[in-house]
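The structure appears below as structure tokens.
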Amino acid sequence: MEILRAEKVSYSYRTKYQKVDAVREVSCAFETGTMYAIVGKSGSGKTTLLSLFAGLDVPDTGNIYVQGQSMRELDRDAYRLRQASVVYQSFHLFPLLNALENVMLPMEFQWIPKKEARKRARAILQRVGLTERIYRQFPNMMSGGEQQRVAIARAVAAGGEIILADEPTGNLDSENEEKIVLLLQSLARQDGYTVIVITHNPRVEEAADHVFRMKDGTLTYVR
């Protein structure tokens, strides 16, 4: 089932010296239960496109639709809270919250009672392969792989159907990289999420069901 679509999306921004056409006439569609990789060199427009999918900004021209509704008509803050979550290369965990509290946070923003949020958070942490040893640890006590799993668990806890990941394996060693790739793949194929990954990593590209390549702001379907 299609959940996200871009139609002739373009977006530009200005630096001190020039106008940058970061995204040019991009059209693509994404379905549930599928993992996608968007690959390309640095500066090709990948992260800008992901930010548009996340509703952090709206296109200059063209449109993005979420389940048929224009992003321009959505409450974009509510969209990120309840429908789409972003996972970053640098994890972006709250340093003063432990693993369990980090995962509970998006549920508490949705006014889910703390007892229920804690129960769900524990189940989600187990789903991403973390044991109770991690639940009370703070981010600076965890390995990079553990922090990224907590970040993914927090994305799942928001209750949406779209996971947008920006270089999620970029700060990981090869062992943890493999674990995160397999986790993202299983969240798509087994749990039904739409997983869209911006990546330089050939392993992520290989694991994805579909691959797009971005160059100079344009997007081409590879497979």
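- Of all heavy-atom pairs spanning A157 and P106, the tightest one is CB-CG, 4.0 Å.
- Going from atom CD of Q147 over to atom CE of M141 covers 11.5 Å, rounded to the nearest 0.5 Å.
- At a threshold of 4.5 Å between non-hydrogen side-chain atoms, the residues T194 and T34 do not count as touching.
- A salt bridge links R203 to E178: one of the charged nitrogens lies within less than 4.0 Å of a carboxylate oxygen.
- Residues S10 and V23 have side chains not in contact (no heavy-atom distance under 4.5 Å, counting atoms from C-beta outward).
- The nearest pair of heavy atoms linking G192 to T32 is O-CB, 3.7 Å.
- Residues Y79 and M71 form a side-chain contact, since some pair of their non-hydrogen atoms from C-beta on lies under 4.5 Å apart.
- Note that CZ of R80 is 10.5 Å distant from CG of L74, once rounded to the nearest 0.5 Å.
- Counting only distance, with no hydrogens or angles, the side chain of Q110 and the backbone of A158 share a donor-acceptor pair below 3.5 Å.
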query = Should Q137 and N98 be marked as a side chain to side chain contact (heavy atoms under 4.5 Å, CB included) after you check the CA-CA gap, both sets of side-chain angles, and the distance that decides it?
reply = CA-CA 5 Å; Q137 290 189 1; N98 62 34; 5.9 Å; no
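- The CD1 atom of I198 lies 12.0 Å from the CD atom of Q89; values are rounded to the nearest 0.5 Å.
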message = One pair to check against side chain to side chain contact (heavy atoms under 4.5 Å, CB included): I152 and L187. What are the steps and the verdict?
response = CA-CA 10 Å; I152 293 170; L187 285 171; 3.6 Å; yes
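- Remark: side-chain polar atoms of S90 are not paired, donor with acceptor, to backbone N or O of H92 under 3.5 angstrom.
- With S12 as the fixed residue, the side-chain contact (heavy atoms from CB on, under 4.5 Å) test singles out one of T48, V20, D60: D60.
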request  = Go through T61 and K8 one step at a time and tell me if the side chain to side chain contact (heavy atoms under 4.5 Å, CB included) criterion holds.
outcome  = CA-CA 7 Å; T61 60; K8 295 185 177 181; over 6 Å; no
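- Considering every non-hydrogen atom in both P95 and F138, the closest pair reads O-CD2, 3.7 Å.
- Residues V181 and V86 fall into different hydrophobic clusters, defined by Ile, Leu, Val, Met, Phe, Trp and Tyr side chains chained together at heavy-atom separations under 4.5 Å.
- Side-chain heavy atoms closer than 4.5 Å link hydrophobic residues (I, L, V, M, F, W, Y) into clusters, and following such links, possibly through other members, connects Y135 to V156.
- Just one of Y36, Y193, Y65 meets the ring-ring contact (aromatic ring centres under 6.0 Å, His included) condition when paired with F30; it is Y36.
- P168 places a side-chain heavy atom less than 4.5 Å from the side chain of V197.
- Separation of atoms CD (Q67) and CG (L4) is listed at 9.5 Å; rounding is to 0.5 Å.
- Between N176 and Q148 the shortest side-chain heavy-atom distance does not fall below 4.5 Å.
- Within the 4.5 Å cutoff, side-chain heavy atoms of L49 are placed close to those of L219.
- Under the 4.5 Å side-chain contact rule for hydrophobic residues, M214 and F212 share a cluster.
- L50 and I180 fall into different hydrophobic clusters, defined by Ile, Leu, Val, Met, Phe, Trp and Tyr side-chain heavy atoms under 4.5 Å apart, directly or through other members.
- The number of heavy atoms from other shown groups lying within 6.0 Å of CZ (R223) is above 12.
- Looking only at atom types and distance, the side chain of N201 has a donor-acceptor partner in the side chain of E177 under 3.5 Å away.
- Minimum interatomic distance between I112 and A117 (heavy atoms only, all atoms of both residues): CG2-N, 3.9 Å.
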task = Check the pair L105, L97 against side chain to side chain contact (heavy atoms under 4.5 Å, CB included), reporting the backbone distance first and the verdict last.
result = CA-CA 9 Å; L105 195 61; L97 300 180; 4.2 Å; yes
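- Looking at S27, its side chain never comes within 3.5 Å of a backbone N or O of E7 through a donor-acceptor pair.
- Note: Y221 and H210 have tilted aromatic rings, judged against thresholds of 30 and 60 degrees for the angle between ring planes.
- I124 approaches A153 most closely through the heavy-atom pair CG2-O, 3.5 Å.
- Listed by first and then second residue, the salt bridge (Lys or Arg N to Asp or Glu O under 4.0 Å) pairs involving residues 29-58 amount to none (not counting sequence neighbours).
- Here the OG1-CD distance, from T199 to E206, works out to 12.0 Å after rounding to the nearest 0.5 Å.
- Side-chain N/O atoms of S70 and N63 include a donor and acceptor closer than 3.5 Å.
- In this structure, N102 and P139 have side chains that are in contact, with non-hydrogen atoms separated by less than 4.5 Å.
- No continuous path of ILVMFWY side-chain contacts below 4.5 Å connects I162 to V204, so the two sit in separate hydrophobic clusters.
- Residue pairs meeting the salt bridge (Lys or Arg N to Asp or Glu O under 4.0 Å) criterion with at least one member in residues 100-119, sequence neighbours excluded: E116-R120.
- Panel note: side chain E167, backbone H200; a donor-acceptor pair is recorded below 3.5 Å.
- Listed for the T169 side chain is no donor-acceptor partner under 3.5 Å among the backbone atoms of L172.
- Judged purely by atom type and a 3.5 angstrom limit, E132 has no side-chain atom pairing as donor or acceptor with the backbone of R122.
- When all heavy atoms are compared, the tightest approach of V87 to A151 is CG2-O, 4.2 Å.
- With contacts defined as side-chain heavy-atom distances shorter than 4.5 Å, the pair M142/N140 does not qualify.
- Taking the six-membered ring where tryptophan is involved, the planes of Y11 and Y13 are tilted, since the angle between them lies from 30° to 60°.
- The pair D191-R127 meets the salt-bridge criterion, since a charged nitrogen lies less than 4.0 angstrom from a carboxylate oxygen.
- The CZ atom of R154 lies 11.5 Å from the CG atom of L125; values are rounded to the nearest 0.5 Å.
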